[in-house]
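Both backbone and side-chain heavy atoms feed into the values below; hydrogens, waters and symmetry mates do not. We number each residue from 1, following the sequence as shown. Indexing begins at 1, ligand by ligand and atom by atom, following the structure's order.
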Amino acid sequence: MSALAEIYTIPQEYLDFRDTIAQIARERVAPRAAEIDEKAEYPHDLRKLFAEQDILGLPFDEEHGGTGTGTLMLNMAVEEIAKADASTALILMIQELGTLPIKLHGSEELKQRFLPRCATGEWSPAFALSEAEAGSDPGGMITYAVQDGDEWIINGSKTWITNTGIADFYCVFAVTDREAGHSRGITAFVVEADRPGFSVGKLEHKLGIRASPTGTPVFDDVRVPAANVIGEVNRGFKVAMSTLDRSRLGVAAQALGIAQGATDYAAAYARERKQFGKPINEFQGIQFKLADMETKCAAARELLYQACCKVDRDDPDLGKYSAMAKLFCSDTAMEVTVEAVQILGGYGFVKEYPVERMMRDAKITQIYEGTNEIQRLVIARSLR
Ligand code: COS
């Protein structure tokens with residue numbers, strides 16, 4: 001068997017599950033997308049539906065109540081949902097991002113306490129790393145924690161955190177040893193949203209992914225037990241980096257879904273729209289655009305699936321591949337959605353049609369979970 005055949009053997013049951021999710025996305029998510037974007041409204045109904053359909057169990061192993069189907073299946077699901085609506089796809093992406101620190105590094109007690117209730121969809125998590133002065137450089141964070149007996153006291157705030165105000169708990173990164181040097185004396189904690197001293201600060205008004213709340217969780221003398229430390233004290237930077245090495249594939253899948261959704265919409269439009277007496281897809285200018293869009297999506301998908309398989313196999317170069325997939329898929333999303341708007345012309349620019357939303361939603365995929373400049377840096381480091 002060739003290496004390629006090995007990489008792309010996808011079990012039939014996974015393809016069937018993907019088709020079910022695609023149908024849910026078409027029939028239930030797509031009709032809500034314009035309204036929740038316009039109102040910047042979190043779709044609690046869709047989250048409940050995902051929980052009922054086992055979709056929120058996708059990031060989790062069977063022993064923690066999940067589907068145990070791995071990273072490729074998870075990201076095929078993210079792609080299908082993002083074809084209909086990128087904000088709604090984030091519900092599933094954050095279910096992974098906000099729990100990966102516990103899944104990868106948490107104690108057995110933490111895993112049992114948090115993962116099964118996320119797998120059923122009862123709880124929503126959040127991943128709180130970035131700060132106002134520490135985005136691309138999280139090693140320069142200033143949120144700190146000090147030990148007091150068997151507890152830690154956390155002070156500071158985080159910025160641009162998805163699920164702020166929705167999450168039942170936050171995986172928070174804080175400096176615990178100021179002397180250790182940049183990126184080193186940092187510890188990861190679980191902070192439940194009902195702990196005294198926790199509050200929700202500013203919520204952002206955004207260009208895209210408007211139906212997903214992004215904001216500033218604030219920690220004012222928040223006490224957590226030592227049992228809430230994820231992994232080892234002062235080793236939290238590695239918890240964050242190893243999480244992002246995997247979760248960036250969610251962004252890649254979201255970006256690909258946006259790109260394929262825009263391509264499909266533009267192709268369907270070009271079949272129907274007539275100018276100069278014939279459908280515009282009979283003009284070579286439109287044909288070439290659509291051909292390039294479809295080709296870029298297909299290439300992005302191959303890289304994404306390969307990177308997902310690397311995570312599922314725990315290959316040593318998984319971080320490089322997830323950075324490459326995130327970079328390529330998100331650049332594809334931006335390029336393709338701009339072209340989709342162009343193909344729809346004046347209709348592309350108005351909110352009655354979905355492609356302007358897709359173009360707005362695409363932009364964040366080049367920025368969050370590490371800007372594409374950071375992805376290039378990660379890739380370049382692997383070549384040294
Ligand atoms: N997995 C595990 N450990 C890692 C790692 C990874 N992918 N990358 C770095 N580390 C470790 C290093 O091995 C080093 O360990 P030691 O202390 O034992 O030497 C430590 O972490 C510090 O590494 P480094 O010096 O390379 O850290 P930098 O501060 O230079 O950071 C980048 C490197 C740029 C890769 C990092 O800051 C980054 O990923 N930035 C983007 C952050 C981001 O994605 N923000 C979005 C937030 S979520 S929306």
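For the residues R381, H182, R248, the heavy atom positioned nearest atom 30 (O) of ligand 1 is part of R381. Distances from atom 29 (O) of ligand 1 to the heavy atoms of G236, S382, A180, S183 put S183 nearest. Which of I374, L129, I161 comes nearest to atom 34 (C) of ligand 1 through a heavy atom is settled by distance: it is I374. The closest heavy-atom contact to atom 35 (C) of ligand 1, among the options T162, D137, V378, comes from V378. Remark: among candidates G140, G370, G181, the nearest residue to atom 43 (C) of ligand 1 is G370, based on non-hydrogen atoms.
Near D245, the atoms of ligand 1 lying under 4.0 angstrom from a non-hydrogen atom of the residue are 1 (N), 6 (C), 7 (N).
At least one heavy atom of G135 sits less than 4.0 Å from an atom of ligand 1. Residue-ligand proximity: G319 is placed with every non-hydrogen atom at 4.0 Å or more from ligand 1.
E108 CD: more than 12 foreign heavy atoms inside a 6.0 Å radius. E109 CD: more than 12 foreign heavy atoms inside a 6.0 Å radius. Shown here is L15, whose CG atom has more than 12 heavy atoms of other residues, nucleotides or ligands within 6.0 Å.
Counting only heavy atoms of the protein, atom 40 (N) of ligand 1 lies nearest to S136 O, 2.9 Å. Scanning all protein heavy atoms for the shortest distance to atom 20 (C) of ligand 1 gives F237 CD2, 3.9 Å. Remark: minimum distance from atom 9 (C) of ligand 1 to any protein heavy atom is reached at M241 CG, 4.0 Å. Nearest protein heavy-atom contact of atom 12 (C) of ligand 1 is K238 NZ, 4.1 Å. Ranking protein heavy atoms by distance to atom 49 (S) of ligand 1, first place goes to E369 N, 3.3 Å.
A donor-acceptor pair under 3.5 Å is formed between the side chain of Q287 and the backbone N or O of N281. The main-chain N or O of K326 is never found under 3.5 Å from a side-chain atom of R248 such that the two would form a donor-acceptor pair. With K206 contributing its side chain and S212 its backbone, the two residues share a donor-acceptor pair below 3.5 Å.
Under the 6.0 Å distance and 45° angle rule, K278 counts as a cation-pi partner of F283.
For G139, no nitrogen or oxygen atom sits less than 3.5 Å from a nitrogen or oxygen atom of ligand 1, counting backbone and side chain alike. Of the polar atoms of R184, at least one N or O is found under 3.5 Å from an N or O of ligand 1, judged by distance alone. For ligand 1, the polar-atom distance check finds no N/O of S130 at less than 3.5 Å from any of the ligand's N/O atoms.
Contact annotation: for K320 versus ligand 1, there are no heavy atoms closer than 4.0 Å.
Aromatic pair Y170/F127: centroids not less than 6.0 angstrom apart.
Electrostatic pairing of D361 and R210 does not count as a salt bridge here, judged by no charged N lying under 4.0 Å from a carboxylate O.
The only member of T243, I102, T99, L97 that meets side-chain contact (heavy atoms from CB on, under 4.5 Å) when paired with C171 is I102.
Residues Q23 and R28 bring no donor and acceptor atom of their side chains to less than 3.5 Å of each other.
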